[in-house]
S.K.: 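Below you'll find the structure I mean.
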2 protein chains.
Amino acid sequence: MTQTRVERKERTRRAILDAALELCEDSSLVALSLRQVAKEVGIVPTGFYRHFDSIESLGLSLVDESFASLRALLRDVRRDQGSTTDIVDGSVSILVDHVHRQRSHFAFIARERTAGQPAVREAIRHEIELCERELATDLARLPGTTDWSPEDLRILSGLIVSAMVAVAEEILAAAQRPEAEKQIVEKARTQLRMVLVGALNWRSRT
Amino acid sequence: MTQTRVERKERTRRAILDAALELCEDSSLVALSLRQVAKEVGIVPTGFYRHFDSIESLGLSLVDESFASLRALLRDVRRDQGSTTDIVDGSVSILVDHVHRQRSHFAFIARERTAGQPAVREAIRHEIELCERELATDLARLPGTTDWSPEDLRILSGLIVSAMVAVAEEILAAAQRPEAEKQIVEKARTQLRMVLVGALNWRSRT
DNA sequence: CGATTCAGTGAACGCGCGTACACCGAAACT
DNA sequence: AGTTTCGGTGTACGCGCGTTCACTGAATCG
């Protein structure tokens, strides 16, 4: 026996998820058909139902998967803070690296964030808000923010997240154009530095 | 004669554009069918072809329309600079006002920017780049940026545009929740002020 | 006023869609 | 060894889709 039954099933499930991620890359999950996915995977359309109730429930699984990638990015950025590298250079490099490695996950989030079904949109919005909160607590540990109000920390965090979401989207749009990506990365670093200069000179109202 | 022929045609064309904007609000243009639009307008499906070649070319027209709204926003912001109002307060108020008045146009841009067909995406990406250029030339006229490099002006412009695009998206998501919107507006103003503090303390590398 | 233009009509087409259902055969269980 | 489970198959259905084509009738033109 080369493969157990659960192994086979899991393999097919993975193939479905991967095929769906790839196929909806040029449009959106709402424009994806069950039959397209089945054909790409190499199973008959009805076989799809052995793994998911519908395209929508497949989408919810993709949301979970993609958020796992996003959290891995945050974890790596946080772990890097202790190192000797420059915070800006290191963080941007990690961002770029993760976007490359989990390209389809980040593209999925970027797309469904605005184009997905309302439930998916709301879930993503909420997760991004959690990211802002996490980043805010990290920022509180930075020198120069000791007398900041919690609100201002959250606001600064939101600013940084907005800018980095935009950077991730630009990197995705610049696929296979290394010279364009290099410019984007340089821009991202400069933007982060501008924001940090603003932060260092900021005084929260008391 | 109550109506000339070109008037009738233009009226139907408008009805098609409006119906398409409304119908794709819950998903995306790629999930929109010619027949849905025709039914909503009250014409037979084939009548659609008297006005557009395809849904895609309809989408490109919507891009044009929507960016007319966005440029109107930029124009109003620019005109407001001369007034006595605070730049940040005034600009954000104008942004909010325009997003409310042309809600469906801004929602269209936000959605199709990431989820549209490649041609539509590319058209939007290009238009936003033009907006960044415009803003960069405006920033060059501000006091304190006289010795900035052109690259840094563009980068700052990109940062502001990213943040304001995010704000517009949040306002759209907070529809019918005035208290949430008030928070978003306050956040936007603070973010803009943080960025300006950063800009005032920035020195371009020579 | 007769000829022409053209926005909108309506029937017909082939296709891909989601889904129902009966079926198969090998792995898993007892 | 006999039975059950279940991932995957194949057929068939009705529906909505984009697109074709020949048409109508009122506004426009010469």
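Throughout, a chain's letter reflects where its sequence line sits, starting with A, and its residues are numbered from 1.
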S.K.: Which is true for B/Thr12 with a 4.0 Å heavy-atom rule: it touches a base, it touches only sugar-phosphate, or it touches nothing?
M.R.: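 If one applies the 4.0 Å heavy-atom cut-off, B/Thr12 turns out to touch the sugar-phosphate alone, with no base involved.
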S.K.: Does this structure show an ion pair linking B/Lys187 with A/Glu151, if we count only N-O contacts that are shorter than 4.0 Å?
M.R.: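 Between A/Glu151 and B/Lys187 there is no salt bridge, as every charged N stays at least 4.0 Å from the carboxylate O atoms.
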S.K.: How long is the line joining CD1 of B/Ile55 and P of D/dG18, in whole Å?
M.R.: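 One finds 6 Å between P of D/dG18 and CD1 of B/Ile55, rounded.
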S.K.: Report the nucleotide, chosen from D/dC17, D/dC21, C/dA26, that has the shortest atom-to-atom distance to any side-chain atom of B/Thr46.
M.R.: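 In terms of side-chain proximity for B/Thr46, the closest of D/dC17, D/dC21, C/dA26 is D/dC21.
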S.K.: Salt bridge or not for B/Glu186 and B/Lys182, using N-O below 4.0 Å?
M.R.: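 Between B/Lys182 and B/Glu186 there is no salt bridge, as every charged N stays at least 4.0 Å from the carboxylate O atoms.
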S.K.: Look at the side chain of B/Ser33 and decide which nucleotide, out of C/dG8, D/dG18, D/dG10, has an atom nearest to it.
M.R.: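 Among C/dG8, D/dG18, D/dG10, the one nearest the side chain of B/Ser33 is D/dG18.
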S.K.: Considering only C/dG18, C/dA28, C/dT9, which nucleotide approaches the side chain of A/Leu34 most closely?
M.R.: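 Closest nucleotide to the A/Leu34 side chain: C/dG18.
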S.K.: By nearest nucleotide on DNA chain C, pick out whichever of B/Arg35 and B/Lys9 is the more 5' one.
M.R.: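 First, find each residue's nearest nucleotide; the 5'-ward one identifies B/Lys9.
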S.K.: Please compare B/Val6 and B/Ser54 by the position of their nearest nucleotide in DNA chain D and report the one closer to 5'.
M.R.: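 The residue whose closest nucleotide sits nearer the 5' end is B/Ser54.
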S.K.: How long is the line joining CD1 of A/Ile43 and P of D/dG10, in whole Å?
M.R.: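 Rounding to the nearest Å, CD1 of A/Ile43 and P of D/dG10 are 12 Å apart.
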S.K.: Whole angstrom is fine here: how far is it from CZ in B/Phe52 over to C1' in C/dA7?
M.R.: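 Rounded to the whole Å, the gap is 14 Å.
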S.K.: For the CG atom of A/Leu135 and the CD1 atom of A/Ile128, what is their distance to the nearest 0.5 Å?
M.R.: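 Here the rounded value is 12.5 Å.
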S.K.: Between A/Glu7 (CD) and D/dG7 (P), how many Å, whole number?
M.R.: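 Checked: the CD to P distance equals 14 Å.
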S.K.: Using atom NE2 of B/His51 as one end and atom P of C/dA7 as the other, report the distance to the nearest whole Å.
M.R.: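 Result: 7 Å.
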S.K.: For B/Val92 and B/Val185, what are the C-alpha separation, side-chain angles and deciding distance, and is it a side chain to side chain contact (heavy atoms under 4.5 Å, CB included)?
M.R.: CA-CA 7 Å; B/Val92 172; B/Val185 169; 3.8 Å; yes
S.K.: Check this for me, if you would: do A/Arg5 and A/Glu10 make a salt bridge, where the nitrogen-to-carboxylate-oxygen distance has to be below 4.0 angstrom?
M.R.: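 Not counted as a salt bridge, because no side-chain N and carboxylate O are separated by less than 4.0 Å.
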S.K.: To the nearest angstrom, how far is A/Leu32 atom CG from C/dG18 atom C1'?
M.R.: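 Value for this atom pair: 13 Å.
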S.K.: For B/Arg50 and D/dT19, what is the distance between atoms CZ and C1' respectively, to the nearest whole Å?
M.R.: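 B/Arg50 atom CZ is separated from D/dT19 atom C1' by 13 Å.
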S.K.: Whole-Å distance between D/dT20 P and B/Phe48 CZ?
M.R.: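 Taking atom P of D/dT20 as the reference, CZ of B/Phe48 is at 13 Å.
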S.K.: Is there, by distance only and without an angle test, a donor paired with an acceptor across the side chain of A/Arg5 and the base of D/dG7 below 3.5 Å?
M.R.: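 Result: no qualifying N/O pair found.
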